[in-house]
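Just so we're on the same page: letters track the sequence lines, and every chain starts at 1.
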2 protein chains.
Amino acid sequence: MILIDYKSRKPIYEQIIDNIKHLVVSGVLQRDDQLPSVRQLAQELAINPNTIQKAYAELERQGVIYSLKGRGSFVGSSLQELRTVQQKELLEQLAALSTDLYRLQVPQDEVYAVVQQVYEQQKEDEIHD
Amino acid sequence: MILIDYKSRKPIYEQIIDNIKHLVVSGVLQRDDQLPSVRQLAQELAINPNTIQKAYAELERQGVIYSLKGRGSFVGSSLQELRTVQQKELLEQLAALSTDLYRLQVPQDEVYAVVQQVYEQQKEDEIHD
DNA sequence: TAGCTGTATTATCTTATCTAGTACACTTAT
DNA sequence: ATAAGTGTACTAGATAAGATAATACAGCTA
């Protein structure tokens, strides 16, 4: 369900955040679904409970989950809501990247070609699922 | 010539690397042009010489500059060479970002529209230089 | 020779990340 | 009521990356 790359330069708690967001955005986790408890997930991933707690706290701050003392942690954002937020973030990244591409004089056609190729490849990969 | 954002989460030595690469790619610094000395640049930017040395060492490892003991450090890569390398890096970033955009179901048209808008805006900005 | 260069070394400081252990308040099921 | 599970808070320590500080050495050049 959740995979951690311990060799990555990205902190573990950030990987957990990204991972859970992805589970929500892909529909695996739905609103009000219960997340694994802090201690349980810590044991599964063989990491310290404090690290899980840090990830959950940040997810709660962002409104992705909510936590109830004694009850557990639950999904607090719908697929659509989170998807919209993340789409906006990605499009901002795209704009920044496009600026760099322009300044390095990469032709607009070439940018389109890369996007086109990725989209086609992704479509193909979906068929072979 | 070189600006450092001390509040950035990006390490200073990485900012220096990016900054010098940009000066080469934009044609301000040309092949065999001499760079400021380690101590001189350290004084200008009010940072430790070791930090400059770290940046220069990495730039030399990448072939962007070369250093001669007792002489100084010089640009070792032509505008075209470095531009090609950086274009390739950016296109790889674009491919990765496109994969995320596809997975978040952002329509291809919308991706194109953002790129288009940035390119047009950049062209306009150039006129008003 | 004096004063620049690059380069190397050692030590110290700070910060972020992660671990470890403990404690407390709350909920739920028995 | 009790036990076991939840979230939450706190302190302490380990580790690594980044940056600073001071010093030293080798090579070049005026």
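At least one side-chain nitrogen or oxygen of A/Lys54 sits closer than 4.0 Å to the OP1 or OP2 atom of C/dT17. When the side-chain nitrogen and oxygen atoms of B/Ser73 are compared with OP1 and OP2 of C/dT5, none of them lie within a distance under 4.0 Å. At the phosphate of D/dT6, OP1 or OP2 sits under 4.0 Å from a side-chain N or O atom of A/Ser37. OP1 or OP2 of C/dT19 sits under 4.0 Å from a side-chain N or O of A/Thr51.
Mapping B/Ala57 and A/Asn48 onto DNA chain C by nearest heavy atom places B/Ala57 at the nucleotide closer to the 5' end.
Taking a cutoff of 4.0 Å between a charged side-chain nitrogen and a carboxylate oxygen, A/Asp18 and A/Lys10 qualify as a salt bridge. Taking the charged nitrogens against the carboxylate oxygens, A/Glu58 and A/Arg61 do have a contact shorter than 4.0 Å, which makes a salt bridge.
Environment of CD in A/Glu44: crowded, with over 12 heavy atoms of neighbouring residues, nucleotides or ligands closer than 6.0 Å.
Contacts with DNA chain C (heavy atom under 4.0 Å) in residues 11-18 of chain B: none are found.
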For this session: Go through the steps for B/Leu45 and B/Tyr6 under the test side chain to side chain contact (heavy atoms under 4.5 Å, CB included), then give the verdict.
Result: CA-CA 10 Å; B/Leu45 303 179; B/Tyr6 299 93; 4.1 Å; yes

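Side chain of A/Lys69, nearest nucleotide from C/dT19, C/dG6, C/dC26: C/dC26. Across C/dG6, C/dA20, C/dA8, the shortest atom-to-atom separation from the side chain of A/Asn50 is found for C/dA20.
Contact of A/Arg39 with D/dG5 (side chain to base): no donor-acceptor pair of N or O atoms is detected under 3.5 Å.
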